[in-house]
Structure formats: C-alpha cells, structure tokens
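Input: a single structure, listed below in structure tokens.
Here is how names work: the chains are called A, B, and so on, in the same order as the sequence lines, proteins then strands, and each is numbered from 1.
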Amino acid sequence: MAQGTLALGVEAVGCAAFDAGIKGAFGYPGTPSTEGFEFVEAMIHAAPEGRVAQWAANEKVAYDLALGVSYAGHRTLVTMKHVGLNVAMDAYANSALTGVRGGLVLLVADDPGMHSSQNEQDSRRLAKFAWLPVLEPSTVQECYDFTWRAFELSESLQVPVMVRLVTRLAHCRAHLVRRDVLTPTGLGVAPRETIQDWVLIPSNARRRYVDLLAKQPRMVEALAPMNRLVAGSGRQGVAVAGMGRAYFEQLSLEHPELKAMPRLEVAAYPMDPGLEPAFLAQVDEVFVFEEDYPVLEERLTFQRAGKIHGRMDGSLPRTGELTPRLLKEALSLLTADGKPASSLDLPIRAPRFCDGCGHVDAYEAMQEALRNLGVPDARVFGDIGCYTLAAQEPMSAIHAVVEMGASISMAVGAAMAGQTPSVAVIGDSTFGHSGLPALLTAADSGVNVTVMILDNRVVGMTGQQPSQALDQVERMVLGMGIPAAQVQVLTPLPRQHEANVKAMETALQHPGPSVVVFRRECIQSIRRGVLKEHDQELKACAEQACCSTEARP
Amino acid sequence: MSEPRIHGIVFGGVGGQGVLSLAQIVLEALRRSGLHALQSEIHGMSQRGGSVHAQVCFSEVPLSSPIIDEGCADLLIALEPLEALRYVAMLRMNGQLVVSEEPQVNMEGYPPLDDVYAALKKVRGCHLVDTEDLARKLNHRQAGGMALLGMASKFLPVPDAVWHDVITERFAAKGARVTEKNIEAFNAGRGLVQEAVGV
C-alpha cells in the first residue's frame, strides 16, 4: 500500500531503493550521504526477507559488493559521499564496461561549500568520465521518484545509474509520497553467453568499451523526458539544474515575472545535444543556476552564442554553495530588509572533542613525548575522522590531513625523505578503510615511522557506525608484518598519562616501524550502547571457550 | 492575485541540545495543519559542541527551496542566547525571537553574559525565557526546548490539538510520564507569551 513519510533527501533515495525491491544495500559512511544507507538499513532490519544491508570497509568494497548482487540478478543500492566515489572510482568506471544485470543504483552525495569535507567536487563529472547516466533531483519527492526511475533505467540500459544529491537536498526534510513496495525478484545469475562481458581482459574490454559508447544515444533517448525546454518571452533566459532548478522555481513564486523567461531545465545526463542550440536560439543572454561545478555552463559556453552568466563569468562565486540569495543577486532582484545583525562580536563556536574523549588523552601523550624528545617543531600526519579536530588551535597536534588512509603513507614518504620522527595518526575505521595497504608498505620499507591507531571501536565522526576493524586491530597490524615487540596497546585515560608518554617515547625512538594502538570506546557510542550486544556475545563466547574467541584477541 | 507568502523559521543552538528534534516537531505540526513545509539542517564535522542550525520553510503552496534568505524569516527559536544573536539578521523587521537565557560556555571568548542579554533585549520582538528556572519549577531537567516551542507556538498557524498530538507521538516510546512532562513544559512556555502576534 502506498504511504507517506517524512524523510531527508538521502533517506528518500534509500526508501525508494527498498520499495523498488533491492536485495542488498552497501555503503561507507560520510556526510551528507550517511542517513541514506541508515534509512534503508533500518527498513531491511525491520523486514529482512532475505535482504542484506551492510556497511563496507570502504567505498570500493561497497561498490564491488553491489556489483556482485547485480551479477546474481538482483537490484542493489550503494551509497557514499563525493570523495568516497574517488575511492570507488576503479570499480565504478569499470562497471560501465561490464554493465549490470540486476539494477544497480549509486547514491552519491556531493558537499558543495565543504560543510564536512576535504574538497568540493562534482560527481556529474565522474559520471561523464565513466560514460554513465546520472540523475539530479531537486526535491525530496524527486529523490524518491528519480531513484525508482534509476532502477528502471539501469535495467533497461544495462548500466549502473548514479543519483547525485548535494548537501542542501541530502539534508532537506520533507513529506514523501511512496509507491507500493516491490518484493525482490531475482533475474538469476548472468547467463552463460554474457560471461565474457564481465571478464575485463583487454580483448573483452575493448569490445565492451565500443558497446558502451554505442549505447550513448540510447542513454540520451531514455533520459530525454527528464530534460526540457520551456518557451518564454524576452531574450533573457535561464538554464537550471538540481538545486538551481529548485531555487529558481521558488523564486518564481515570489517574482512571477521570472516565469516568463525561456528556460532550459536539466535533471539527467547525458543530455540531448540538440537542446542547447534550440535554447540558445531563443535568447541572447543566459543565467545558469546549478550546484557545484559549471557543468551545464561549460556546455552552453562551448556553443558560443550570446552572453552566459554563471560561475565562470563571475556572476556567481566560483566556489561554495549555491543559495537563493545568489540567484537574487545575479538576477538583480531586490533583497528584503531585515533586522540588523548584532553589533556584538560573536566568536565562532567550533566543533570540539566531546568531554572525556579518549583521543584527547592520546594526543596529549604524543605531544608530551615529542616535547620530551626535544622535537620543538614536530610535523604529524593526520587523517579523516573525529580525531581531525586536533588540527585546530590550541591543540594543533596534527599538521597534514589529505584523504582517508594518507597519514600512514605520507609519514612513510616523509621518513624516507629523512624526517625524524615521522608520526601518523589514524582511526580504527580509517585504518580498515585504506590504512591497511599503507601499513603493509610501512612494514616492508622498514623506515622509522610511528603509527598511532586511535581505536574507539566505531566510526565515531559520522554517528558510531560499526568499524570493520572492531577488536581486530592488533591482529591486523601483526599480520601486516610489524614485529610484535613494536606493537603496543595503550588505554588513553588521564590516569595512564605517564605510562602512555613513556610508551610513546619508546615507539618514537625505535629506528624502524612501530605501532601504538590507543583503545578506548567512543564516549558517544558508550552512551548509546552501540556495542552492548556485540560485547555481551563476545563475553558469552569467551565463557564457553568457543572457536570465535580464539580468532579474536 | 496576491503572491503566496513563504514563511521561515530559524532554529539555533549548540550540538546535542536538540535543535534538529525541535525543528522536526515543528515541521510535522505544520504539515498536519495542511501547510507545505520543508526542513533544512546544517551540522558538519563532529556534531557535539559546535553551532547547529536548522530552518523550516512553510507556505500554502508547494515549496522547493529549503533555505530562507537573510532578512526573510518570521521566527527564530534559539536554545542558547549567543547562538540567538548569530541569526538575528535572518529575521524580517517584524520577526519574533524566542530565546533561552541559559548559556552554553564551551568555547574561548564567550562575551560577558550581561552584554549578550543587553544585545538581545535591544532586538524588537525578542522573548527571553529563563529555561533553567522553568526546568527547576517544573522538576523537568529538559523542559527548556519544549517551553520555547510552547512560546513559539503563539506565532505559528498550528491548532492546539495538532501540537498535542505531535508531541505525544514524539515521546510515546518513552512512556506516558515523559509525554506528560513535555506537554506541561509546552503549556508553561505557551503561557509566557501573552499577546499572540500571528505571522
């Protein structure tokens, strides 16, 4: 029975995937995509019926898992944030050549304005790079409807389809009208005659690449109904996509004269190459409103007809989020006169470590050890997670943060270049995500690098999702080839401070690779009882001395 | 035909105070009152202790933008006085503010409290409430948010019965006692704003 529900934009995608009959959902947490997976996970846990929902070690693994479900003939959803798609890019770009069997929809949430990210990047560009379709909703209802459409397109075109959201839509909450829920029905494993399509050895890949390019006109044709030209009067027009479309629509409510402008409305790519010339023939001047990169704007500029106003000519700022205010300014509409801002100096209230967080104790031990060893200007490589907050004043404990897993590899590189001591700080989840291969390199190199693994047993930053490295960190470290004598496990607590400083000093002074694991569960996850069940099971196992405890330290 | 008015509510506070929950209650109450409503929320890295803010837009016609422009909001609900000052310029000239007096000093350079209160009292339409005192009187530690909502309800086109239903459903899982306490806090807040000024 169709029903309504209140949902965020990303949740609407998760909800639609469930309703459209997925067999599996996979993802790696990252703001603002996280709630999309959590929504579908909750629905699947409430009514599993053979479905699975699983956070993966990283985005590439999540994508591979989804591809496997598709190969087996079922619909599947995979979720990540924009920088996560970089990690999954290998799988994503190659899946364009294999194609899919069961519908595969990729939810990517971009973060223009970098509310909680390392960069601004537009996933529409990566879809184009992979020659794959991307749908760009502009309302929560469209998030839901487009996801259904994405599954249908994925199966009819036999390619993965991306649904791209941006922060403002991902975290916009609205009422949602749902369709009837489909039960997952499998198409069965990919038939024998298509096996070669899935084996990307060069001879097959060359053939599949030709097939993919030959599919482009079919993609354009299938997506054509999602893009449209709206005729109007006057020689000034607007080209709108995604949130630009939403903001323009709302602005037209307050300024009805805007509705008379000729419009190019875009919601899906690749788009019909005939649309732009047809639009440009109607206008001399165009305002382009889209979120993030000037994708549509570049296409229009390339046609070289009339004046194109947008991010490239400075009518809109080159960086940061698109906002309704920016549209008003570009269109020279008067803005409202509101209350004057307070004249009082308002200091920034920056995010900070939770009271009692173990990361703080770990950093304090490290900093004191470095001071004791006489390193006045230590440079420490950090990584992505709650512990990145240590980069801020007054702590200033880490001095480089680039991407998931980079801390270890950068520290190894710096050590090779002669930096002593060379310290990397990484969280347990990030370690499982992409620290493992880097630590393998560290062990193999034998250089003087000290790796601090801040193990709080969960993915703390994004809401305490389970960490794939849970209770396995030192086993992994030993398995990577770090000598047992150079692996220490410490408890980051104020009363352990002196002992922890000494242990850090020992690790820093060791001439080869050493690892210090600081383990104390995340304050927030303890409060919420996230691992309570897991720990009870572990305890019961230990009491019964069953096999699984032997596998765990 | 006059153009449909788009109304905006801004919610301000500190991570962990329940800013987003409050916005969700208002969103649901507006929707059940037959209005179109959208909510947008901004909470970035590590959500605890940093500034958090949410917005709710509503209108009699369907909406597509979840963001309110500066100078266009009708109402500000702030769980913390310094955070209230941060969003004053979001309000239209005749906009209203309901603000908790209870400071969250978890940062460097928090201005003297008297300066913060003085700055707020200068803003027309500002209703300050001593939530700490109210919580003590009601014997309900977390009464503040619900009391502010009660005050704010004076400025929102939502029938009493709808508020009651939405709050009851929200706390249903926590038992009748918790629900009762929250309704009580809501009513206490409602009593604090005497003259109703519809938006």
Side-chain angles (χ1 to χ4, degrees), chain A residues 6 8-9 31 111 114-117 138-140 167-169 171-175 243 245-251 253-256 321 323-325 328 335-355 357 385-386 388-389 393-394 460-461 463 523-524, chain B residues 3-6 14-15 23-24 27-28 31 36-51 56-57 59 61-73 82-83 85-86 88-93 95 104 106-111 115-116 118-120 122-125:
Chain A
L6 269 178
L8 296 175
T31 311
D111 188 17
M114 294 182 256
H115 293 286
S116 187
S117 303
S138 71
T139 65
V140 172
T167 303
R168 287 298 166 165
L169 181 58
H171 283 173
C172 171
R173 192 181 296 274
H175 183 67
M243 287 316 278
R245 189 156 57 88
Y247 296 150
F248 185 79
E249 191 129 323
Q250 184 139 320
L251 205 54
L253 287 177
E254 295 164 81
H255 300 271
E321 270 191 304
T323 63
R325 159 70 56 125
K328 284 187 191 174
T335 50
D337 228 1
K339 290 189 198 290
S342 169
S343 55
L344 203 65
D345 181 34
L346 304 175
I348 299 292
R349 197 189 295 264
R352 52 170 215 152
F353 286 112
C354 301
D355 291 329
C357 174
C386 279
T388 311
L389 292 168
E393 296 279 351
M461 186 188 207
I523 291 283
Q524 298 295 340
Chain B
E3 299 321 318
R5 226 334 230 106
I6 293 158
V14 176
Q24 279 179 41
L27 177 75
E28 180 63 12
R31 200 185 66 75
H36 295 269
L38 291 178
Q39 182 197 330
S40 136
E41 48 195 58
I42 285 297
H43 45 89
M45 283 180 59
S46 179
Q47 298 134 35
R48 279 145 205 101
S51 294
V56 168
C57 303
S59 180
V61 297
L63 297 171
S64 51
S65 162
I67 315 185
I68 305 158
D69 199 358
E70 219 168 273
C72 294
L82 182 68
E83 293 307 309
L85 286 175
R86 227 183 272 289
V88 167
M90 289 295 293
L91 288 163
R92 60 176 67 242
M93 269 310 195
Q104 299 283 324
N106 63 352
M107 61 202 272
E108 298 288 313
Y110 196 104
D115 294 357
V116 173
L120 279 168
K122 273 201 297 197
V123 182
R124 237 187 44 191

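The closest side-chain heavy-atom distance from L82(B) to R349(A) is below 4.5 Å. For the pair L8(A)/E41(B), a side-chain contact is recorded, criterion being any heavy-atom separation below 4.5 Å from C-beta on. For the pair S65(B) and C172(A), the minimum side-chain heavy-atom distance is 4.5 Å or more. Counting heavy atoms from C-beta outward, P66(B) and Q250(A) have side chains that stay 4.5 Å or more apart. Here the side chains of L27(B) and R173(A) are in contact, with some heavy-atom distance below 4.5 Å.
For M114(A), no part lies under 4.5 angstrom from a heavy atom of chain B. L344(A) touches chain B through its side chain: at least one heavy atom from C-beta onward sits under 4.5 Å away, while N, CA, C and O do not. For D345(A), the part lying near chain B is the backbone, with the side chain staying farther off; criterion is any non-hydrogen pair under 4.5 Å.
Looking at every heavy atom in both residues, L38(B) comes nearest to A174(A) through CD2-CB, 3.2 Å. Between R31(B) and L6(A), the shortest heavy-atom contact is CD-CD2, 4.1 Å. Of all heavy-atom pairs between M93(B) and D337(A), the closest is CG-O, 3.7 Å. Between A246(A) and S64(B) the shortest heavy-atom distance is O-OG, 2.7 Å.
Heavy-atom pairs under 4.5 Å with chain B peak, among G338(A), S138(A), G9(A), at G338(A). Per-residue counts of heavy-atom pairs under 4.5 Å with chain A were compared for Q104(B), M90(B), H36(B); the largest is that of Q104(B). Taking chain A as the reference chain and counting heavy-atom pairs below 4.5 Å, the highest number among A118(B), P111(B), C57(B) is found for P111(B). Counting heavy-atom pairs under 4.5 Å between each of V88(B), V116(B), D69(B) and chain A puts D69(B) at the top. Most heavy-atom pairs under 4.5 Å with chain B: of the set T139(A), L251(A), I348(A), T167(A), this distinction falls to I348(A).
Every side chain to side chain donor-acceptor pair (under 3.5 Å) that S40(B) has, sequence neighbours left out, goes to R168(A).
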